[in-house]
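Below is one structure, written out as structure tokens; the observations come after it.
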There are 2 protein chains.
Amino acid sequence: MATIYEVSEAAGVSLATVSRVMNGNARVSERTRQKVLDAMDALGYRPNAIAQSLASNRTNSIGLLVSELHGSYFGELMSTIELILKKHGKHVIITAGHVEEHRETEAIDFLTSRRCDALILHAEAVSDDYLTKLGKSGVPVAVVNRKVEGMEDQCFVADNENGGYLATKAAIDNGHKKIGYISGPLFKQDATERLNGHVRALNDAGIDNEPTLLFEGDYHESSGQEGFGKLFSDNADLSVLVCANDEMASGAMTAAREAGLNIPDDLSVIGFDNVLFSRYLHPKLTTINNPVHSMGEMAAAWILENVYDIKSPEPIVHVFEPELVERDSLGPL
Amino acid sequence: MATIYEVSEAAGVSLATVSRVMNGNARVSERTRQKVLDAMDALGYRPNAIAQSLASNRTNSIGLLVSELHGSYFGELMSTIELILKKHGKHVIITAGHVEEHRETEAIDFLTSRRCDALILHAEAVSDDYLTKLGKSGVPVAVVNRKVEGMEDQCFVADNENGGYLATKAAIDNGHKKIGYISGPLFKQDATERLNGHVRALNDAGIDNEPTLLFEGDYHESSGQEGFGKLFSDNADLSVLVCANDEMASGAMTAAREAGLNIPDDLSVIGFDNVLFSRYLHPKLTTINNPVHSMGEMAAAWILENVYDIKSPEPIVHVFEPELVERDSLGPL
DNA sequence: CTGTTAGCGCGTTCAA
DNA sequence: TTGAACGCGCTAACAG
């Protein structure tokens, strides 16, 4: 690997001049400029980003923490963010936290040790307190899908409460009264918010919120199956099952079918997130769209604006509204 | 951000000593060691990985190029690789090439400019020649899902030809004779290999390879629909459709159902890859498992062994065999 | 066992 | 417009 010094020798100029033509910020005569350029590609010179970063205290890279590297939710988040930042010459360094506190902090340590110019975090296990401190430590931090008190202007979230409301309201609008709900793990913010929305919709409609109609799942498919089993055995007259995500909805559908029920004639099912496979399910899943794309986009725009002074054409928004995606798994009573 | 110098001052030792306790390679007395440790967390010291890399010429990071950051194929690849490397304290820097030559080379340039210790590439657009040159340029390179002549011992691939063979053989074993094939885009290596396997299976069974039974798709769902339309209109007696990936199989199933066909009674469908959603399809898709996991795992193991001298317990393998995943979309004639 | 010193490759003054 | 010199934060000889 050729260094800047070798280039300067080959071009017969000083090392500083080479640096100048690379960064194009100071004036260099066209002649020497060309000499340097020639020397560069004669040597196949590639600037050492490590050294550049050390000297300039700028890495042009943004650290991104996600929970997993797979799954369509994170796939979309990563893709969106990378696309926008790359468009502006910024690079994304991705790490996974696997929803475990020490792995999340470790991942964040890694990102800060690489001196990322900013961080975008989808952190689930780490405490609010930790995030607040991190926010004050100097690195600009954007938080996705989580609202942290005191740093609302750095958080980009979906209105999960309203999403939960929309799901259950759709069921009610279709005439259903016996509404089962399979929630996510309630230590997660989005899970409790979705549940709150569900309860609000029930209240609005004057429907009792019976404890036997609630099952706490863990967002995985299998708990959808369990949930159906539990709720259906306790409530033979169940007519619709609202699930806090699509995976559990899929599990519930499978279990319902195995129990001999036809969807949506005997039992309606509603999901949440609108992940890719929800339209491959049979019947196609009626669900709530999770605005992951918007959250990622805005987090990226916020960083471009606040860290690199690249103004975004759109105003910065922090809360995004989910929408009902009507397909075939919800029918009238 | 505290520097190593500030730590050394606070601990009343030299800067070299601090470096020693950080890296733990030289012997330091327990007393000074503790002093340094105390000073470190009193100051909240975080080593600057950038500076470490510059000084040591080691980044402990591996560059990974994938085509996209979303999709279950790449999700699995990224997850697998990250998991293994992180287990050994190595970090992965992920970039996307979007199957465009200049974006792939740009991404690789980025990774080399960050002085990654090694690269793992899922490069589709770049030429063999480019990869060969890159392989000789000094950075250790592992290539995934592509066999490059002359660097076979750095390539980790699936035996796509045999996978293609297995798919069509399964159809034949079920008594089918009129076998439609929807291939991937034939400029891609894996697509032609899968097609070759298909043809071999036909030959083995003494079945004519009729051109009207072949449709070249593009691996996207929509081309599965087109493919079904074309093949079915040319061959009313078509009894099975072998597709070069699951997306196209899904498209074909949708189109077939819209044409009033029942799967698998009227038409059997076979996919390839065994992506996540294939088991959410209705009926569940019979398909060929693509050993992405093994490829990623081995590429990572190869790098650990060759770059970091961390021997892997398993021997290094370069070619992985796909397997038939029997589900519900393939029936007897 | 510990401290001194010279780089790693580059950006950025300050003079010329 | 150009060059010399210093420093970014750290590792790695080399002495002691």
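- Note that the first and last nucleotides of DNA chain C, 5' to 3', having any atom under 4.0 angstrom from a heavy atom of chain B are dC1(C) to dG9(C).
- A donor-acceptor pair under 3.5 Å is absent between the side-chain atoms of E305(B) and the main chain of I303(B), judged by distance alone.
- Between the side chain of N48(B) and the main chain of A51(B), a donor-acceptor pair closer than 3.5 Å is present.
- Remark: D128(B) pairs with R146(B) by the salt bridge (charged side-chain N to carboxylate O under 4.0 Å, His left out) rule, at least two apart or across chains.
- As a whole-Å value, the separation of I4(B) CD1 from dC8(D) P is 13 Å.
- Pairs of residues two or more places apart, or lying in two chains, never qualify as ring-ring contact (aromatic ring centres under 6.0 Å, His included) while including a residue from residues 8-28 of chain B.
- Remark: T59(B) pairs with I50(A), R114(A), S53(B), S61(B), R115(B), D117(B) by the side chain to side chain contact (heavy atoms under 4.5 Å, CB included) rule, at least two apart or across chains.
- Ring planes of H91(B) and F110(A): parallel class, angle under 30° (limits at 30 and 60°).
- Using a 4.0 Å cutoff on non-hydrogen atoms, the parts of residues 5-21 of chain B near DNA chain C are V13(B), S14(B), A16(B), T17(B), R20(B), ordered by number.
- Within a heavy-atom distance below 4.0 Å of DNA chain C, the residues of residues 48-58 of chain B found are L54(B), A55(B).
- The side chain to side chain contact (heavy atoms under 4.5 Å, CB included) test applied to A96(B) returns E82(A), L69(B), H98(B), not counting sequence neighbours.
- Helix-axis bend for the helix from dC1(C)-dG16(D) to dA16(C)-dT1(D): the local axis fitted to the five terminal pairs at one end deviates from that at the other end by 40°, rounded to 10°.
- Listed by chain and number, the residues in a side chain to side chain contact (heavy atoms under 4.5 Å, CB included) with E104(B) are L65(B), A123(B), E124(B), A125(B), V126(B) (sequence neighbours excluded).
- Residues passing the salt bridge (charged side-chain N to carboxylate O under 4.0 Å, His left out) test with D273(A), sequence neighbours excluded: R194(A).
- Partners of D109(B) according to the salt bridge (charged side-chain N to carboxylate O under 4.0 Å, His left out) rule, which considers only residues two or more places apart in sequence or in another chain, are R46(A).
- Residues V319(A) and K147(A) approach most closely at CG2-NZ, 4.5 Å, considering heavy atoms.
- Under the salt bridge (charged side-chain N to carboxylate O under 4.0 Å, His left out) criterion, E149(B) pairs with no residue, sequence neighbours left out.
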